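Structure record follows, encoded as structure tokens.
Worth saying up front: this structure is predicted, and the values here are computed from it rather than measured. We use all heavy atoms of the structure for the numbers below, so side chains are in, but hydrogens, waters and symmetry mates are not.
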Amino acid sequence: QVQLVESGGGLVQVGGSLRLSCEVSTRPGSRHAVAWYRQAPGKEREFVAHISWGGANTRYGDSVKGRFTISRDLAKKTVYLQMNGLKPEDTAVYYCAADQYSDYVRRPSYWGQGTQVTVSS
């Protein structure tokens, strides 16, 4: 079982920054890669980034490469998404996700409740 709780969303102006957090609760000894997805109104859910359990492997969606950075603090059991250079098209609900794998997230089976990010122009 994996429980994911996002925080850090809000309203920001174009070009601004936000840092999202995902607190990850798991069974002792289990190891999970974690991903961020987002969904804008009327659009399909979109992959944003993922990070392996140890943090060595990361991957980003094309629309956020060079602007967003995913990281994790194992001691704090938290995964972060640093978002810089925000654009109006980044407006969405951002979700933290995981499955049973530790290297990368294949098909998420665990989801957080989401946090709203709104970028105003």
Side-chain angles (χ1 to χ4, degrees):
Q1 287 288 346
V2 181
Q3 292 183 322
L4 306 163
V5 179
E6 303 95 334
S7 61
L11 176 64
V12 64
Q13 292 186 333
V14 170
S17 298
L18 275 177
R19 188 177 78 160
L20 305 183
S21 298
C22 174
E23 186 175 341
V24 183
S25 298
T26 66
R27 291 182 293 107
S30 62
R31 300 181 175 186
H32 300 269
V34 174
W36 286 96
Y37 286 77
R38 66 186 183 186
Q39 188 166 22
K43 295 188 177 181
E44 293 188 352
R45 191 167 290 182
E46 176 190 15
F47 168 78
V48 176
H50 81 229
I51 188 166
S52 60
W53 179 81
N57 297 317
T58 59
R59 186 169 68 89
Y60 297 90
D62 289 341
S63 61
V64 305
K65 281 181 182 176
R67 299 188 297 123
F68 290 11
T69 302
I70 190 170
S71 62
R72 73 189 300 168
D73 185 329
L74 291 175
K76 294 183 178 179
K77 299 180 180 180
T78 301
V79 174
Y80 303 100
L81 185 68
Q82 178 67 43
M83 306 185 294
N84 299 327
L86 284 163
K87 306 174 181 179
E89 52 264 42
D90 294 318
T91 295
V93 178
Y94 284 70
Y95 297 92
C96 196
D99 58 16
Q100 69 267 39
Y101 299 103
S102 63
D103 51 356
Y104 65 94
V105 181
R106 290 161 174 76
R107 185 172 294 178
S109 50
Y110 305 102
W111 294 89
Q113 81 288 352
T115 186
Q116 175 71 47
V117 172
T118 303
V119 184
S120 64
S121 56

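L74 belongs to a hydrophobic cluster whose other members, connected by ILVMFWY side-chain contacts under 4.5 Å either directly or through intermediates, are W53. Side-chain heavy-atom separations under 4.5 angstrom define the hydrophobic clusters, and Y101 shares its cluster with no other residue.
Here K43 pairs with A40 under the side-chain contact (heavy atoms from CB on, under 4.5 Å) rule; sequence neighbours left out. Residues satisfying the side-chain contact (heavy atoms from CB on, under 4.5 Å) criterion with V24, sequence neighbours excluded, are V2, L4, C22, T26, V34, V79. For V117, the side-chain contact (heavy atoms from CB on, under 4.5 Å) criterion is met by L18, L20, M83, Y94, V119, not counting sequence neighbours. By the side-chain contact (heavy atoms from CB on, under 4.5 Å) test, S121 is found to be paired with V14, P88, residues two or more places apart in sequence or in another chain being considered. Every ring-ring contact (aromatic ring centres under 6.0 Å, His included) that F47 has, sequence neighbours left out, goes to Y37, H50.
For residues 104-113, the set of pairs meeting the salt bridge (Lys or Arg N to Asp or Glu O under 4.0 Å) definition, not counting sequence neighbours, comprises D103-R106. Here salt bridge (Lys or Arg N to Asp or Glu O under 4.0 Å) pairs that include residues 9-34, with residues two or more places apart or in two chains, number zero. Residue pairs satisfying the salt bridge (Lys or Arg N to Asp or Glu O under 4.0 Å) criterion with at least one member in residues 111-121, sequence neighbours excluded, are absent. Applying the side chain to side chain donor-acceptor pair (under 3.5 Å) test to pairs two or more places apart or on separate chains, those with a residue in residues 83-92 are S17-N84, R38-D90, R67-D90, Q82-N84. Note on residues 71-81: no pairs pass salt bridge (Lys or Arg N to Asp or Glu O under 4.0 Å), not counting sequence neighbours.
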Chi angles and distances behind the side chain to side chain contact (heavy atoms under 4.5 Å, CB included) call for S21, E6: CA-CA 6 Å; S21 298; E6 303 95 334; over 6 Å; no
Check against side chain to side chain contact (heavy atoms under 4.5 Å, CB included), W36 and I70: CA-CA 9 Å; W36 286 96; I70 190 170; 3.6 Å; yes
Residues V48, Y95; criterion side chain to side chain contact (heavy atoms under 4.5 Å, CB included); working and verdict: CA-CA 9 Å; V48 176; Y95 297 92; over 6 Å; no
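Residues F68 and Y80 do not share a hydrophobic cluster, clusters being chains of Ile/Leu/Val/Met/Phe/Trp/Tyr side chains in contact below 4.5 Å. Residues L81 and Y110 fall within the same hydrophobic cluster, defined by Ile, Leu, Val, Met, Phe, Trp and Tyr side chains chained together at heavy-atom separations under 4.5 Å.
Residue Q113 places its CD atom among more than 12 non-hydrogen atoms of other residues, nucleotides or ligands, all under 6.0 Å distant. Heavy-atom neighbours of Y104 OH from other residues, nucleotides or ligands within 6.0 Å: at or below the threshold of 12.
A distance of 9.0 Å separates CD in E46 from CG in D62, rounded to the nearest 0.5 Å.
Between P108 and V105, the shortest heavy-atom distance links the atoms CG-CG1, 3.7 Å.
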